[in-house]
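First, the structure itself, so that you have it in front of you.
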Amino acid sequence: MQDYLNELNPAQREAVVNINGPVLVIAGAGSGKTRVLTYRIAHLLEKGVKAYKILSLTFTNKAAKEMKERIATIIGAEKAASLWMGTFHSVFSKILRIEAESLGYPKNFTIYDAADTKSIIKNIIKELNLDDQKYKPNGVYARISNAKNNLITAPAYEANKQARFNDDQSGTPEIYRIYKIYSQRCKKSGAMDFDDLLLQTNILFKNHPKVLAKYQAKFDYILVDEYQDTNFSQYLIVKKMAEVHKNLCVVGDDAQSIYSFRGAKIENILNFKKDYKNFKMFKLEQNYRSTQNIVDAANSIIKKNKNQIPKAVFSKNEEGNKINVIESLTDNEEGFAIATRIFDSVYTDHTEYKDHAILYRTNAQSRVFEESLRKRNIPYKIYGGLSFYQRKEIKDLLAYYKLVVNKQDDESLKRIINYPKRGIGQTTVDRLAEYAREKDLSIWDAIINIPTSNINLNSGALNKIYGFAEMINEFTAKLYTTEAYNLAKEIASTSGITHDLFKDKAPEGVVRHENVQELLNGIMEFSTNNENEETTVSLDMYLEDVSLLTNQDNEKEEDLNKVILMTIHSSKGLEFKNVYLVGVEEKLFPGERSANSTSELEEERRLFYVAVTRAEKDLVVSYARQRYKWGQLHDCIPSRFIKDIDPSYVDFNVKEQDDTLFPTEREKPQTKKDYINKFAQNRTKKKEQKGTAPQARIGSAGKKLIKATTNTTTSQNTAIDNKDVKVGIRVEHGRFGYGKVLQIDGEFPNVKATIEFRNHGVKQLLLKFAKLKVVE
DNA sequence: TGCGTGCTTCTTTTT
DNA sequence: GAAGCACGCA
């Protein structure tokens, strides 16, 4: 174990052995940051520091888990287990549970995710009768979140002249009221949202110096990873915690700060020297990941940013190939080109699928590549997107668990009071909620205290509500006597969820049933991992954990040999042999709104830098000349970032377009059956994800029908009038309205579809675009 | 009470 | 291209 220091370069070694006092480690991309962090912890332990005296904060659960595993291999699993290691959110939610009562929250407070938060805000906007054109849930949420991350509580916001002025200016003067009501509602529900976990920690430390002192004393050594992505709230927590011992080591790279939209302040890392006098700074500048060409090219990009800590990242790896810039006519062609390259690489150079990663700016871009990869039978995996925990059936079941643990949780109660259907209608729930609001009670307390005369509900409805409440009570009674998995299973079946899903024999129903089983398996796994002789694992312990998990944490450790698709943001910290950076166009990357602001543009450029530095060996940068957005074709121009790269590292592969190279059709020839299947599959997929099938878009009797024939049909909102599957039709450029496919003939792409349209404006459009021939 | 339809809106990025 | 919402029809 002594030898580990020899594995490090001088800068890394300094960063590991200087354990006392404030330390700033600037870790360039691919410079062995994780290695330094793990070895530093190992070194601390070797120097006699107790594991439970070390607090290590990371940005993602996954990073924490990985680091823990790596440390375990060095120092042993037992010691590693008593380290405090996790994301800010998970570590401080643990602390908040311990200290909850001094803040007036229950220990078993619920954690609201973004969806919960948005739904509450939406309701408040509605209740206040505010103009929903001005007050958009997303926007309001962003304001509130921003306020919280800057430690501005609801009362402080109300009194904050600047904030109020800004709101007045932007025509949303009532935000402070929404914020106030939202906060009250969370408090009443015994719930915290993501931002609260940090805000309340700050409040705790501010109002309860003894508590702060306790944790200051507890942690002799604090390490923070990805420091450039901390927000003000996190920054202050760290500052306070480290105030006494001052043994704080922050690691980060200002050039990779890409989360300002979430409140991250690059200033935190830039100003470290101001906050911590006598700090030591170590720069890890040797890149072990990428070829010289890629490192040099990346340097030439980031050089364009003013706001940064100077550093000289270099590589001693082979020189490598130049960056390939390729141009395509359309987004579809781009997909085709990338898929072809991957295909060739795998079959001629014998690379593996998993060596290839396609990175894009927005999730929506994944679709084209999915299609083109599928057509070539290339296996792929998309990361991000809809999380397992966002699925309807999972959220439903978790809502039961949350309610059983915390009855004040109105959001969960509303979600499940009539699921599975037990005859408690919307009107009933609304009246209940209104009554609760009037009496300033949670809905649950309102149910318990209903004086029947005071509420406009008939006895039938009331009985159903009581039945529901009784069921929940019975579950709660078992909370600490029954082991988590058993109780979870019991709730799933007694509530009727399992049965409700089981009786659904359609493929999507089966999948949902399987998902529920998977969740239960997860609970079982959690139980076995956490049980010991003294305590059985109870359901609330599981809930603590699950609320902060994300899609990435649920990934199975299968040895996947698949092409990887993800956003640049989620690629941070990862590396791939071959990277395809796609959609590098103005208005997309950098995005439209970044163009006017220097700081936003710099952040986009850092994002570009992050993408480039993911590549170990080969990098392809790709853009299209035309791209569909919201069903319409737009002209695109190459991103300014491409010009930012020093041309000596780039191979511009933008040759005269050879139209014969790329087939003009959007699909490979398919049989009619394939065509129908594809739509059916899409529909199934949507249904799996959302729990409900997409709305069918189909004409009905009573309106004028037009029959038309087209040779290119794609659909909106899925499928064809094949048995029970109905469809909306979209034709070539733009949306013509919805119709019903009466008949499909021929092979793709020369499919002839006879469609009934019912949209009155359609006929003109049909005539205008000669592609369609009006039959009647 | 549920479902189909027409219209509107949405796109950054995620703990 | 996809999804949410309100309205209107059974």
Side-chain angles (χ1 to χ4, degrees), chain A residues 57-64 86-93 111 113-114 122 126 132-133 136-138 142 145 149 193-195 197-198 226 229-231 233-234 258-264 331 359-365 367-368 383-385 387 390 418 421 423 425-427 547-553 566-572 583 587-594 600 603-604 606-607 610-611 627-633 682-683 686 689-690 692-703 714-718 726 728 730 734-735 737-740 758-761:
Chain A
L57 296 166
T58 59
F59 198 61
T60 62
N61 294 306
K62 204 172 147 214
T87 61
F88 275 88
H89 291 86
S90 70
V91 166
F92 292 107
S93 78
I111 297 173
D113 64 18
K122 209 168 176 182
K126 220 176 203 174
D132 57 2
Q133 290 297 314
K136 307 242 164 102
N138 273 329
S145 173
N149 285 330
D193 64 20
F194 282 148
D195 302 317
L197 294 176
L198 306 173
E226 307 280 16
D229 283 327
T230 50
N231 61 33
S233 197
Q234 292 166 321
I258 55 173
Y259 280 98
S260 72
F261 69 92
R262 221 170 66 191
D331 48 357
L359 305 182
Y360 34 77
R361 180 65 241 270
T362 64
N363 277 310
Q365 286 166 258
R367 210 181 141 272
V368 178
Y383 291 81
S387 142
Q390 300 286 337
N418 196 33
K421 296 202 173 27
Q426 194 57 49
T427 328
S547 306
L548 293 168
L549 290 184
T550 57
N551 37 1
Q552 300 219 347
D553 303 310
M566 60 169 70
T567 61
I568 304 168
H569 277 88
S570 34
S571 77
K572 194 164 76 153
K587 296 190 174 178
L588 187 57
F589 190 20
E592 214 157 348
R593 14 183 159 352
S594 321
E600 282 183 46
E603 172 143 327
E604 293 276 302
R606 292 194 291 268
L607 195 58
V610 168
R627 177 176 300 279
Y628 272 93
K629 191 188 180 189
W630 297 341
Q632 284 209 304
L633 202 57
N682 275 342
R683 188 183 164 85
K686 279 288 148 307
Q689 288 175 345
K690 294 289 297 175
T692 51
Q695 287 181 343
R697 309 287 194 179
I698 183 172
S700 60
K703 292 196 180 171
T714 57
S715 81
Q716 160 160 351
N717 292 353
T718 57
K726 297 161 187 173
R730 196 186 152 268
R735 180 138 130 224
Y738 301 101
K740 176 180 180 180
R758 56 176 308 232
N759 187 327
H760 296 295

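So that the names make sense, note that chain A is the first sequence line, chain B the second, and so on, each numbered from 1.
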| request: On DNA chain B, check which nucleotide each of A:Thr567 and A:Leu588 is closest to and give me the residue with the more 5' one. | output: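 Closer to the 5' end of DNA chain B: A:Leu588.
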Exercise. Using the ring of A:Tyr259 (Phe, Tyr or Trp, six-membered ring only), decide whether A:Lys572 places NZ or CZ under 6.0 Å from its centre and within 45 degrees of its axis.
Key: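 Relative to the ring axis of A:Tyr259, which defines the angle, A:Lys572 lies outside at least one limit.
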For atom C1', what is the distance between C:dA6 and B:dT11, given to the nearest Å?
->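 Those two atoms are separated by 24 Å.
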Write down the distance separating the P atoms in C:dG4 and B:dT13, rounded off to the nearest Å.
->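 Result for the P pair: 16 Å, nearest Å.
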ask   = Using centres under 5.5 Å plus planes under 30 degrees as the test, is A:Phe261 stacked with B:dT13?
value =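 Yes.
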At under 4.0 Å, does any side-chain N or O of A:Asn61 touch on OP1 or OP2 of B:dT15?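 The answer is no; no side-chain N or O of A:Asn61 sits under 4.0 Å from OP1 or OP2.
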Nearest to the side chain of A:Lys122 - C:dA6, B:dT11, C:dC5?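 Among C:dA6, B:dT11, C:dC5, the one nearest the side chain of A:Lys122 is C:dC5.
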- Which part of the nucleic acid, if any, lies within contact of A:Tyr259, taking any heavy atom under 4.0 Å across all strands shown: a base, the sugar-phosphate backbone alone, or nothing?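 Sugar-phosphate, backbone atoms only, no base.
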For A:Phe88, answer base if it contacts any base atom (sugar-phosphate contacts may also be present), sugar-phosphate if it contacts only those atoms, and nothing otherwise; contact means non-hydrogen atoms under 4.0 Å.
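It contacts nothing in the nucleic acid.
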Just N and O in the side chain of A:Asn138: are any of them under 4.0 Å from OP1 or OP2 of B:dT9?
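It does not, given that no N or O in the side chain of A:Asn138 lies less than 4.0 Å from OP1 or OP2 of B:dT9.
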Q. What pair of heavy atoms forms the shortest contact from A:Ala63 to A:Thr58, and how long is it?
A.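 Residues A:Ala63 and A:Thr58, closest heavy atoms: CB-CB, 4.2 Å.
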Whether A:Asn149 contacts B:dT15 is assessed here as follows: a side-chain N or O lying under 4.0 Å from the phosphate OP1 or OP2. Is that the case?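 Checking A:Asn149 against B:dT15: no side-chain N or O falls below 4.0 Å of OP1 or OP2.
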Next item on the list: By nearest nucleotide on DNA chain B, pick out whichever of A:Glu603 and A:Asn418 is the more 5' one.
Entry: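 Closest to the 5' end, via its nearest nucleotide, is A:Asn418.
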*asked:* Taking any heavy-atom pair under 4.0 Å as a contact, classify A:Asp229: base, sugar-phosphate, or nothing.
replied: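 Since no nucleic acid heavy atom lies under 4.0 Å of A:Asp229, the category is nothing.
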Q.
OP1 or OP2 of B:dT15 versus the side-chain N and O atoms of A:Ser90: is any pair under 4.0 Å?
A.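 The answer is no; no side-chain N or O of A:Ser90 sits under 4.0 Å from OP1 or OP2.
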**Message:** Would you say the ring centers of A:His569 and A:Phe261 fall short of 6.0 Å from each other?
**Reply:**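 Ring centres of A:Phe261 and A:His569 closer than 6.0 Å.
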Q) Base, sugar-phosphate, or nothing: which does A:Lys587 touch, judged by heavy atoms less than 4.0 Å apart? A)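 No contact.
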Exercise for the section: Indicate whether the side chain of A:Thr567 and that of A:Asn363 have a donor and an acceptor atom separated by less than 3.5 Å. Expected result: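 Looking only at side-chain atoms, A:Asn363 and A:Thr567 do not form any donor-acceptor pair under 3.5 Å.
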At under 4.0 Å, does any side-chain N or O of A:Lys136 touch on OP1 or OP2 of B:dT11?
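It does not, given that no N or O in the side chain of A:Lys136 lies less than 4.0 Å from OP1 or OP2 of B:dT11.
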* With the side chain of A:Thr362 defined as its heavy atoms from C-beta on, choose the nearest nucleotide among B:dT13, B:dT15, C:dG4. =>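 Shortest atom-to-atom distance from the side chain points to B:dT13.
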ask   = Of the nucleotides B:dT11, B:dT13, B:dT15, which has the atom closest to the A:Thr60 side chain?
value =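 Nucleotide nearest to A:Thr60's side chain: B:dT15.
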Exercise. If you check the A:Lys126 side chain, which of C:dA6, B:dT13, C:dA2 turns out closest?
Worked result: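 Looking only at heavy atoms from C-beta outward on A:Lys126, the closest nucleotide is C:dA6.
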